[in-house]
Structure formats: structure tokens, C-alpha cells
S.K.: 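Here it is, the structure in full.
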Amino acid sequence: MNMNFEEMRLSCKEFTDDVSGKLMNKMPAALKKAEGLPFIPYTVRENEWAPGPFDGICWWTNGFWPGQMWAMYRMTGDDRYRQEAERAETRLDEAFCDFDHLHHDVGFMWLLSSGVNFRLTQNDRSRKRVLLAANLLAGRFNPNGFIRAWNEDRAGWAIIDCMMNLNLLYRASEWTGDPRFRMIAMRHADTAMDHFVRADGSCNHIVIFDPETGAVLDTPAGQGFAPGSAWSRGQAWALYGFALSYIHTGKKEYLTVSQRVADYYLSQVANDWIPRCDFRQPEGDDLRDACAGAIAACGLMELARLTETKRYFDAALATLGALEAHCAKWDPTSPAILTRCTGSYHGNDHNIAMIYADFFFTEAILKLRGDPFLFW
Ligand code: GLY
């Protein structure tokens, strides 16, 4: 029997209500610990919020805390969350003046802060912030067909994570009526289909292009195990990112690619649903990344909705169940929700909390609750 998304999500109402209750119990204490901090939360050390390791206010995850606050505002209507989201958004203004440290993640930074604020409150300052950020992102476009990710001597470097930043450009075209932003986003997404996603549905994290000609020069490991491996968070960025590009543009190929990546992801994720950091890391190496699971759950839920495929919904639900049972900390002593996240395979940041894992977990629960608001 075919089920539509509404029927699927209602079938797990008990789980949704249980986790929603836990979020509502936990987050007031997490908010209290953030009040008055001179930085925006990234991770947790000794049960207190801690900042990103470098880049200061330009640290790439600084939109996720305001995003998390808006998510809780959607869930509860509690004005304290809106106020904290707006406090963080105002702090981000300082980043606009630090051009040298800005990067393609202006999408994450301003879409989840100012973008959500404008769409929920019509705050005109927030609209202008989004458009300024979109112009910065569009300014990183190389006419060979890609958006450069990082700075210094990496003019030809593009990364799969950028699929999520494209949503800033789609919104900018929607709000201004100027198609340039969407055209740039689609050129980048088309390049990503050709050069990041492999025939088996796995993805490169990084592709280095010749910035003069657009020729592919190299595909290094990035945050994954090795060149040619399959960093699970990269798979999740592609899975959700292409689904969102389909939602914003209607281009069918993006949906097809998202499904191809999803099918690869589902063929690799361990039976316990908490992804290994890299699906091609050595046998017996049990390094995990709960964050990849949370992002993938959001993408799988969109695929379930778009294609009315229960298999995707069941996988999203199983993932959220596993994260809740084995990675979530509901005790309010520590402010973050998910543990067992990994920054990068070869880095030292293993088994940590990461604010974006909490955001995507909460976003997924909002989808289960039937909230129609798409943050992207
Ligand atoms: N490259 C950003 C991330 O850690 O996913």
C-alpha cells in the first residue's frame, strides 16, 4: 500500500512526541549557558559551550546556533529563543567586515540566521544581510562552473558541502527577481553532478579545478579517509543538498542524483544506522559521525516526501532512533544534544559534540512534527 508523507510521519507520532519533549526539557538550559558568551557555540568542553577552533566570528558553523534557536522557536513559540537567535545574528554583522576570513559557508551563516528571521518576521535588516551574503557567495563563482570554497592559494578548490550553501542563492533570486543567483547555483550544482558524484553514488569531498580552464586537477581526501573514499558527511551533504536544489529549481536530474547518493548511503550505513566517519575507512575502525546521520535523516525525509517512498522514511526514522538512543545526551548538565560526531577522519576532533549535528537533528524532528517551514 502506498503511503504519502503525512501518513508516514503520523505513524511514528509517539517517537516524535517523546523526542520533542526531551528537546523542550533540554534546550532552556543550553540557552542559559550561551547567554552573555563572547562567542557563538560550536562544541562543548567540560560541560560548557566552546567556540570554533579558528576564524573567530567568521567560523563557518556560526549560523547553526541561531538556526537551532529558530528551530526551537518554531517548536515552542517561546520568545527567548527568538531573542537569542537575533542576538547571534547581530553578532555576525562583524563578520561582514572581515572579508579575508569569509568563505563559501556564508550560506550556512546567513541563511539560518537572517534568512529565517526575514521569512518569519519580515525584518528588513535581515533581508539585506541575506542579499549581502548572497552577493559575497556569487562573487566566489568561477565562470568555469564552480564556486570556490576557501581562500588563499585555493582558487580552484570546490567542496561537496557547497551544495547546501546554494540555497542562499536560490533565496536571493526568489526575493529579488534577479535570476543571476539561481543561474550561478545551478551551474555549480551541474558541475557537482558531473565531477563530485561518482557512478556508484559515492562522492568526492574536494575537487580541485584549474581555475583558468576548469580542468579537473585532483580529488584529495579532504575530511575523509583517502582519495577515492566516501566521507559519510560528504555523502549526507550531497544527499540533502541535491534534494534541496530540486525543491528550489524543479530540475529533475537533481532529484535523481540525490536518490542515487541516498541509495549508496543506505547500502553502506552500518546496521545500527550511525554512520562510520568514512564508508571506506579500514575494516575494524569504528570511528563514527552522528552528524552525518542527522543531515542524512533530513535529506531522506525530503526524499520520502518528494517521491512517496517509505523506504527512505523508514531509514530516516531508524537513523533518528539510533541517534536518540546511542548518541543523545538529555541530561541538561552538558548543553549539546548529540555526541559521537567527528570533524575529520585524520583530525583530533573525534567523538565530539558539534552544533550543526544538533541543528539537523532538531530540524529532522520538526519535519516529523509536520512543520512545513523549510529552513533552506
Ligand atoms: N566541511 C564542513 C564539515 O565539517 O562538514
Side-chain angles (χ1 to χ4, degrees), residues 40-44 50-55 58-65 67-68 101-112 137 140 146-152 154 157-168 188 192 196 202-208 219-225 227 229-242 244 261 265 274-279 281 287-299 323 336 338-361 363-364 375-376:
I40 296 179
Y42 164 61
T43 187
V44 168
F54 49 85
D55 278 353
C58 296
W59 175 243
W60 76 277
T61 69
N62 278 347
F64 288 103
W65 173 249
Q68 173 74 359
H101 291 107
L102 284 176
H103 34 62
H104 72 145
D105 289 324
V106 294
F108 285 126
M109 288 170 72
W110 277 285
L111 197 54
L112 297 178
L137 187 56
R140 303 185 73 87
F146 64 89
I147 292 172
R148 75 175 282 183
W150 298 318
N151 300 335
E152 290 109 29
R154 291 172 290 188
W157 290 49
I159 70 173
I160 192 65
D161 324 25
C162 193
M163 287 307 303
M164 298 297 291
N165 291 323
L166 301 183
N167 300 301
L168 182 77
H188 181 92
F196 282 80
S202 69
C203 305
N204 292 307
H205 178 202
I206 298 176
V207 177
I208 304 177
T219 55
Q223 285 161 261
F225 169 63
S229 70
W231 177 49
S232 61
R233 196 156 67 247
Q235 313 305 298
W237 289 138
L239 192 171
Y240 196 16
F242 278 109
L244 290 167
V261 175
Y265 177 95
I274 302 164
R276 283 161 287 152
C277 172
D278 192 308
F279 291 136
Q281 69 198 30
L287 186 63
R288 304 294 181 113
D289 182 30
C291 184
I295 300 162
C298 286
L323 295 178
L338 291 186
T339 57
R340 298 183 76 186
C341 302
T342 293
S344 65
Y345 185 88
H346 293 288
N348 297 320
D349 41 3
H350 293 179
N351 289 311
I352 62 168
M354 301 194 309
I355 190 62
Y356 48 128
D358 289 6
F359 170 78
F360 285 103
F361 182 76
E363 188 195 357
F375 279 74
W376 302 97

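In this text, all values refer to a predicted model and were calculated from it rather than measured experimentally. Numbering of ligands and ligand atoms starts at 1, following listing order.
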S.K.: May I ask you to list the atoms of ligand 1 that are less than 4.0 angstrom from any heavy atom of Trp231?
M.R.: 3 (C), 5 (O)

S.K.: Measure the OG-CG distance between Ser232 and Asp278 for me, rounded to the nearest 0.5 Å.
M.R.: 7.0 Å

S.K.: Got the closest protein heavy atom to atom 1 (N) of ligand 1, with its distance?
M.R.: Asp161 OD2, 2.5 Å

S.K.: In terms of atom number and element, which parts of ligand 1 are under 4.0 angstrom from non-hydrogen atoms of Trp237?
M.R.: 5 (O)

S.K.: Would you say ligand 1 has an N or O under 3.5 Å from any N or O of His205?
M.R.: no

S.K.: Starting at CH2 of Trp150, measure out to CH2 of Trp60 and round the result to the nearest 0.5 Å.
M.R.: 10.0 Å

S.K.: Measuring from the heavy atoms of Trp150, does anything fall under 4.0 Å of ligand 1?
M.R.: no

S.K.: Report the C-alpha distance between Tyr345 and Arg276 in whole Å, list the side-chain angles of each, state the deciding distance to 0.1 Å, and finish with yes or no for side chain to side chain donor-acceptor pair (under 3.5 Å).
M.R.: CA-CA 10 Å; Tyr345 185 88; Arg276 283 161 287 152; over 6 Å; no

S.K.: Tell me which protein heavy atom sits closest to atom 4 (O) of ligand 1, plus the residue, atom name and distance to 0.1 Å.
M.R.: Arg233 NH2, 2.5 Å

S.K.: Would you please test His104 and His188 for side-chain contact (heavy atoms from CB on, under 4.5 Å) and show each step?
M.R.: CA-CA 12 Å; His104 72 145; His188 181 92; over 6 Å; no

S.K.: Between the side chain of Asn351 and the main-chain N/O of Arg340, is any donor-acceptor distance below 3.5 Å?
M.R.: no

